[in-house]
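In what follows, chains are A, B, ... by sequence order, proteins preceding strands, each numbered from 1.
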Protein chains: 2
Amino acid sequence: MARQGLTPDSVTVAGAELADEIGFDAVSPAELARRLGVRTASMYAHIANAADLRARIAALALDEMAEQISLAVLGRAGREALVGMMNAYRDYARRHPGRFTAATWQPGAGDQVLAAGRRHAELTRAVLLGYHLPVEAVPHATRLLGSSLRGFVTLEASGSFDQSRPAAADSWPYVIDGLHTLLSHWNDTFPQPEPEPNKK
Amino acid sequence: MARQGLTPDSVTVAGAELADEIGFDAVSPAELARRLGVRTASMYAHIANAADLRARIAALALDEMAEQISLAVLGRAGREALVGMMNAYRDYARRHPGRFTAATWQPGAGDQVLAAGRRHAELTRAVLLGYHLPVEAVPHATRLLGSSLRGFVTLEASGSFDQSRPAAADSWPYVIDGLHTLLSHWNDTFPQPEPEPNKK
DNA sequence: TTGATTACCTAAGCATATTAGGTAGGAGAT
DNA sequence: ATCTCCTACCTAATATGCTTAGGTAATCAA
């Protein structure tokens, strides 16, 4: 038997590809071993266990996403940066559904995942820079942006929008422009001093 | 051995409680049987298989959520209805993390889940009624609202906001008011005829 | 009490996760 | 070339989970 020459990294990449094909939840040491033409037990030379395999794929996906978003934001500012970031995020999810699921999966996030999470937060903050928000508003705007983005893309990917007309893609511009408008008029929407915008 | 008097419904309820305690992903026929003081094989008298158990819990959660949201929206309109709905959704997720995970879980949604999904869409449309949006805008607004809501609550529940200050709860009013503002000024943000608001 | 129903059980087959210890493929040194 | 070491991969074995088939006894209707 010729050796496959597997390494932790190559196994992780293969796992990511497998996730895109059969779904992240279906990825397991056994399934991946089958795919790689190797016995299940041999996987344990490269990964610690099933959870570790999944965590590695998640970290890989998070890094790839951050990379794509970086490229899309580079050299842009304001609305262009926002559009670039949002589209990069959505495109990645559409191109790599399994990896995207992995990236949005957290149960017991390790250091790798936490670091990638911070990188994403950094990118979002960079995009928001172009909207000149008051400093205290940045965390809130980051979360609002992140929530809408992740929510839409997750729902679209899971097929939740398939039941209704028009196509999900037609609603995407509304999400982008809605966010852009909100960020552009932040101070009008949320009056400055001690913002306690919600009563009841 | 005294009988437990289990039924498909009581098993589903027990499964939902278990999900809130140990996480939806950890719920299985074996684990639930342990909890109920019954042999694993005995579960198959009440459920078809593991996927069926999970689907039942998901349907239960979806129904409970719709119920809570109905109560929160009843007799209210406009901003009050929006706030009621969003808070009901978020509160349910915080009170029942396992059930919430189940409700946002879809892989191969059955009839039950699809019906519940429609009920949720109905409720959202009802809330949007108070904003007097142009008819063509309703699906888009529904998705925008749904995305932000689900995105924020999911991220909050998964602990993604725990790493940064201020507390996640402090950002919640911004999500509510941001959505409210957007819905209130829909026609300003998205000019009427043939809305093709996003270019590049 | 009898009879029927059915909630629960034991037994068994098969798949996966994981560990322990063996074997051989291939790179580098001699 | 051949020796040697490393290690990628293997076989074997245990534990556990999912699922089906076929019994047993608790409960209810008559």
For residues 93-102 of chain B, run the donor-acceptor check on the side chains, cut-off 3.5 Å, and write out each pair with its distance to 0.1 Å, sequence neighbours left out.
from	atom 1	to	atom 2	distance (Å)
R94(B)	NH1	E156(B)	OE2	3.2
H96(B)	ND1	D20(B)	OD2	3.0
R99(B)	NE	E64(B)	OE1	3.0
R99(B)	NH1	D20(B)	OD2	2.6
T101(B)	OG1	P97(B)	O	3.0

Bend of the helix from dT1(C)-dA30(D) to dT30(C)-dA1(D) from end-axis comparison, five pairs per end, nearest 10°, comes to 10°

Would you say the ring centroid of F24(A) lies under 6.0 angstrom from that of W105(A)? yes

Answer whether the closest heavy-atom distance between the side chains of I176(B) and M85(B) falls below 4.5 Å. no

Does H46(B) place a side-chain N or O at less than 4.0 Å from the phosphate oxygens OP1/OP2 of dC8(C)? yes

What's the CE-P distance between M43(B) and dT6(C), to the nearest Å? 18 Å

Mind checking who shares a hydrophobic cluster with L129(A), ILVMFWY linked at side-chain heavy-atom distances under 4.5 Å? none

Those residues that, when tested against E21(A), pass salt bridge (charged side-chain N to carboxylate O under 4.0 Å, His left out) (two or more places apart): R35(A)

Euclidean distance, atom CD1 of residue I47(B) to atom C1' of dA7(C) [Å, nearest integer]: 14 Å

Under 3.5 Å, which donor-acceptor pairs do the side chains of residues 147-154 of chain A form with other protein atoms, sequence neighbours left out?
from	atom 1	to	atom 2	distance (Å)
S147(A)	OG	R143(A)	O	2.7
S147(A)	OG	F152(B)	N	3.4
S148(A)	OG	L144(A)	O	3.0
S148(A)	OG	S148(B)	OG	3.1
R150(A)	NH2	T104(A)	O	3.2
T154(A)	OG1	R150(A)	O	2.5

side-chain hydrogen bond (donor to acceptor under 3.5 Å, both in side chains), paired with E122(B), selected from R118(B), R119(B), R125(B): R125(B)

Annotated protein contacts, base or backbone, on nucleotides 17-24 of chain D with a non-hydrogen cut-off under 4.0 Å, one of B, S, - each: SSBB----

Whole Å only: how far is the CG atom of L36(B) from the C1' atom of dC9(C)? 15 Å

Grab the CG-C1' distance between L32(A) and dT16(C) for me, whole Å please. 14 Å

Could you check, using the six-membered ring where one of them is a Trp, whether F161(A) and W172(A) have ring centers closer than 6.0 angstrom? no

